[in-house]
Amino acid sequence: MIGVYDSGVGGLSVWKELVRLMPDQDYVYFSDAAYCPYGPKDPSFIIGRASAVTDFFLEKGCNLIVVACNTATAAAISWLRAHYDIPFVGMEPAIKPAILSSRSGVVGVLATAGTFKGRLYLSTLARFSGDVKVIERVGEGLVETVEKGILDGPEVEALVLRCIAPMLEAGADHIVLGCTHYPFLQPVIERLAGPSVKVVNPAPAVARQAKRLLKAAEPSRRKGSTEFCSSSEDLSVLLRLAGR
Ligand code: DGL
């Protein structure tokens with residue numbers, strides 16, 4: 001059984017790739033909606049939540065946990081790996097492939113404040129940015145609109161444009177989605193950015209990494225099911241975005 005965890009519905013963008021790649025596996029999806037958003041919160045608080053959710057997954061019998069949240073990965077994955085004897089897959093900031101394939105020499109990254117402060121993001125940036133200009137923007141308001149299930153319309157366009165305009169003005173040819181909520185806004189982002197800008201979603205690569213790790217921890221019986229759980233009582237948006 002694979003546990004998939006996010007602060008809210010965003011991790012569904014990763015869960016969808018996992019199910020596409022491994023449809024026969026059993027999943028438990030946990031949305032920590034009662035504490036969403038994680039972006040502005042203290043890492044020690046997020047470690048506490050990640051630990052509680054991991055205990056929940058272990059009780060369910062999970063043998064692999066996908067931290068389908070960039071902010072929780074930045075704050076908690078080292079701690080989780082040091083404290084639990086179970087494999088964890090975290091989100092990779094996909095800035096490396098974007099930097100390596102940029103022709104304009106300008107790359108935009110949209111993420112939460114917590115992700116931009118993470119050690120993995122900062123070290124990847126220091127290692128690979130070279131001459132490429134990386135323009136970072138916190139996606140103000142984007143997580144909140146996705147949590148409400150509002151994925152398009154004039155207000156969403158205005159929010160998205162405010163975030164990506166500085167990237168477009170600087171000539172970015174890649175926009176990296178550094179938060180798992182943002183792929184739900186990918187059609188709007190692509191429409192506003194235009195065809196010359198490639199929007200990079202790391203979820204498929206994370207799903208492939210989960211598949212590689214799962215080989216080492218083969219489960220015994222599978223049904224191809226997903227159980228959806230949340231720390232909030234209202235699961236309506238979660239189930240709608242999951243297509244249930
Ligand atoms: N989906 C999350 C991420 O990938 C967290 C968003 C939030 O709760 O602020 O960073």
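Indexing begins at 1, ligand by ligand and atom by atom, following the structure's order. For this chain, numbers begin at 1 and follow the sequence in order.
- In the vicinity of Ser7, heavy-atom distances shorter than 4.0 Å reach the ligand 1 atoms 5 (C), 6 (C), 7 (C), 8 (O).
- Taking the six-membered ring where the residue is Trp, the centroids of Phe45 and Tyr38 are separated by 6.0 Å or more.
- With a 4.0 Å cut-off on non-hydrogen atoms, Val143 touches ligand 1 through its side chain and not its backbone.
- Two rings, from Trp79 and Phe88, have their centers 6.0 Å or more apart.
- Of all the atoms in ligand 1, the ones that sit under 4.0 Å from a non-hydrogen atom of Gly39 are 7 (C), 8 (O), 9 (O).
- Hydrophobic clustering keeps Leu110 apart from Ile95 (ILVMFWY residues linked when any side-chain heavy atoms are closer than 4.5 Å, directly or through intermediates).
- Looking at atom 10 (O) of ligand 1, its nearest protein heavy atom turns out to be Thr71 OG1, 2.6 Å.
- Considering backbone and side-chain atoms alike, Thr112 places every N or O at 3.5 Å or more from each N or O of ligand 1.
- Protein heavy atom at the shortest distance from atom 7 (C) of ligand 1 is Tyr38 N, 3.3 Å.
- Using a non-hydrogen distance threshold of 4.0 Å, Cys69 registers as a contact of ligand 1.
- If you look at Thr180 next to ligand 1, the close heavy atoms, those under 4.0 Å, come from the backbone and the side chain alike.
- With hydrophobic clusters built from ILVMFWY side chains whose heavy atoms lie under 4.5 angstrom apart, Phe116 shares a cluster with Ile99.
- Interatomic distance, Asp32 CG to Ser7 OG, rounded to the nearest 0.5 Å: 7.5 Å.
- Residue contact check for ligand 1: Gly10 places no non-hydrogen atom closer than 4.0 Å to it.
- A donor atom on one side chain and an acceptor atom on the other are found under 3.5 Å apart for Thr115 and Thr112.
- Relative ring orientation between Phe30 and Phe57 is described as perpendicular, the plane-to-plane angle rising above 60° on a 0-90° scale split at 30° and 60°.
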